[in-house]
2 protein chains.
Amino acid sequence: MAESTHLTVVPVEPGQSRYAALAAALRARVVAGEWPPGSALPAEQTLAAEHGVALGTLRRALELMADQGLIERIHGRGTFVRAGMTGATMMRFFRFGEGTGEVPVSRIVSRQLLVAPAEVARRLGLARGDTALRLLRVRSFAGQPGVYEEIWLPPALFGELVESDTQAWGDLLYPLFAERCGVHVHRAVDEIAFGALTAAQARHLALPAGHPCALVTRNAYDLAGHCVEVRFTRGDAHAFHYTVTIT
Amino acid sequence: MAESTHLTVVPVEPGQSRYAALAAALRARVVAGEWPPGSALPAEQTLAAEHGVALGTLRRALELMADQGLIERIHGRGTFVRAGMTGATMMRFFRFGEGTGEVPVSRIVSRQLLVAPAEVARRLGLARGDTALRLLRVRSFAGQPGVYEEIWLPPALFGELVESDTQAWGDLLYPLFAERCGVHVHRAVDEIAFGALTAAQARHLALPAGHPCALVTRNAYDLAGHCVEVRFTRGDAHAFHYTVTIT
DNA sequence: AAGTGGTCTAGACCACATC
DNA sequence: ATGTGGTCTAGACCACTTG
């Protein structure tokens, strides 16, 4: 069945521009999986003809989507659905292997299916009493432990990880999520706070119990906006640093 | 002297687009003070004609400048040089009068001309041994002290503040800088770290000495990119919180 | 009513990546 | 050589703000 000149006119709400309506329509098609993460959208000319708009209008729609981080445009190659976050490492919050872009060594110290605490269930959108996959891991630089992470995952998406060999996982989780589970982390919200280490946490970081720590609580979301991971990252408060530019 | 059809063609470096060159030229005119902060630029049609480019090209240049926070475009009114930062209050880092947008009460507890510490002099671009104006202030919510600030200003710009009545300054410094000294803070870089309060600092915050604190070190810059303020803000670490979204 | 920025069009041409 | 996105033009019309 040939997809011939399928002119699809997007309805425009009053008070909304044509390119905004177009962007919303295209966004819906991306989220629905019509073009999976990493794949290319049709050429501008094609999309413009399909929707019966001028090239300039179609381009404004794509530029909007690119600004929102949904797609990536590459001169001469095409327009691609973004595969996942780039360079959103937790280590940007701590001065350990700073600046080098070095990836810390990851060691999974625990993997269990547990009833999710109420707060975690709420963030993941699970019902009270539902179980979730909990990972505990230590990330080290030059053999020195830097941060201790508690990671909660909904088993419906991550069943694949329950029995696989954690030794083979490598040092980064998001590429693993994409390859093994088809879950693409697209956006994350990090909340920074301050606290003290419990005895158990301190042990993994080679610090005394009660030592001050920075706590980063992350909600990670997929393309559709569903929360797919909740992560608590703790590290020595004195190693914490972060820079924000305001304008 | 009538500024008639003064066609000013902007030279375009190879590998650079015409609108980028145009934006750079306009940026230079803004920084030079040709259109002071808060004032309006000429209309699009006028600027386009002046530079001998199409309207669309001129618009792209202005959009670039707007994205960089240099100007603000208002539909139906005009294009304006941004007067200063909006909503960059320090209090966004702490949970005190959170969400209410309430402005904390400010009390200046010290104002002195002192030799700037090396680190401060470096940040302000002063020579070693130069003096600077140091302010110490406490900012309170509902009568409770929230943060303690140490502020360093170059006297060349802020001489006006050395002798004026601090009681009359009000609760916000940046509007004061603009009105009394003609200094417009346009961009700021905040570095976040954790530490402990000295006895003197703790006293002003009604906390015990050695109490953990969040430290925000700010460099503030004017339109031309010169550092015009260095500020150290300290508050109870347990009241600290900050949220970042990554995509 | 007049002036401002925002949208949309139609088309030409340029720059980059790939085969 | 071909296909992709990026730039630039010229002009029409719309939407918002102000006197």
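Side-chain atoms are counted along with the backbone in the values below, which use heavy atoms only and exclude waters and symmetry mates. Below, chains carry the letters A, B, ... as their sequence lines are ordered, and counting in each starts from 1.
- Between A:Arg92 and A:Asp190 there is a salt bridge, since a side-chain N of the basic residue sits under 4.0 Å from a carboxylate O of the acidic one.
- Atoms CG (A:Leu41) and P (D:dT4) sit 12 Å apart, rounded to a whole Å.
- When rounded to the nearest whole Å, the span between CD of A:Glu44 and P of C:dC14 equals 18 Å.
- Rounded to a whole Å, the CD atom of B:Gln45 is 13 Å from the C1' atom of C:dG6.
- The interatomic distance linking B:Leu55 (CG) with C:dG3 (C1') rounds to 14 Å, in whole Å.
- The side chain of B:Arg59 lies closest to C:dG5 when the candidates are C:dG5, C:dT9, D:dT4.
- Regarding contacts with the backbone of D:dT7, every side-chain N or O of B:Thr57 stays at 4.0 angstrom or more from both OP1 and OP2.
- Among the nucleotides D:dT9, D:dT7, C:dC8, the one closest to any side-chain atom of B:Val53 is D:dT9.
- Whole-Å rounding puts the B:Phe80 CZ to D:dT17 P distance at 12 Å.
- In the model, A:Glu229 has a side-chain atom that pairs as donor or acceptor with a side-chain atom of A:Tyr174 under 3.5 Å.
- Between C:dG6, C:dT9, D:dG5, one nucleotide has an atom nearer to the side chain of A:Arg73 than all others, and that is D:dG5.
- Classified by interplanar angle (parallel below 30°, tilted 30° to 60°, perpendicular above 60°), the ring pair B:Phe94/B:Phe96 is parallel.
- Straight-line distance from the CG atom of B:Leu47 to the P atom of C:dT4: 11 Å, rounded to whole Å.
- Side-chain nitrogen and oxygen atoms of B:Tyr19 include none within less than 4.0 Å of the OP1 or OP2 phosphate oxygen of D:dC8.
- Using a 4.0 Å heavy-atom criterion, one finds that A:Ile74 contacts the sugar-phosphate atoms exclusively.
- Between A:Arg60 and C:dT7, a side-chain N or O to OP1/OP2 separation shorter than 4.0 Å is present.
- For the OP1/OP2 pair of C:dT4 and a distance below 4.0 Å, the side-chain nitrogens and oxygens of B:Thr79 include no atom meeting the criterion.
- We find that CD of A:Glu63 is positioned 14 Å from C1' of C:dC8, with the value rounded to whole Å.
- Distances from the side chain of B:His75 to the nucleotides D:dT4, C:dG6, C:dT7 place C:dG6 closest.
- Salt bridge present: A:Glu149 and A:Arg137 bring a charged side-chain N and a carboxylate O closer than 4.0 Å.
- Between B:Arg77 and C:dG5, a side-chain N or O to OP1/OP2 separation shorter than 4.0 Å is absent.
- When the nucleotides D:dT9, C:dG5, D:dC8 are ranked by their closest atom to the side chain of B:Ser17, D:dC8 comes out on top.
- Taking for each of A:Gly76 and A:Ala20 the nucleotide of DNA chain C with the nearest heavy atom, the 5'-most of the two is the partner of A:Ala20.
- In this structure, the CD atom of A:Glu72 is 13 Å from the P atom of D:dG5, given to the nearest Å.
- Between B:Glu44 and B:Arg59, at least one side-chain nitrogen of the basic residue sits less than 4.0 Å from a carboxylate oxygen of the acidic one, meeting the salt-bridge criterion.
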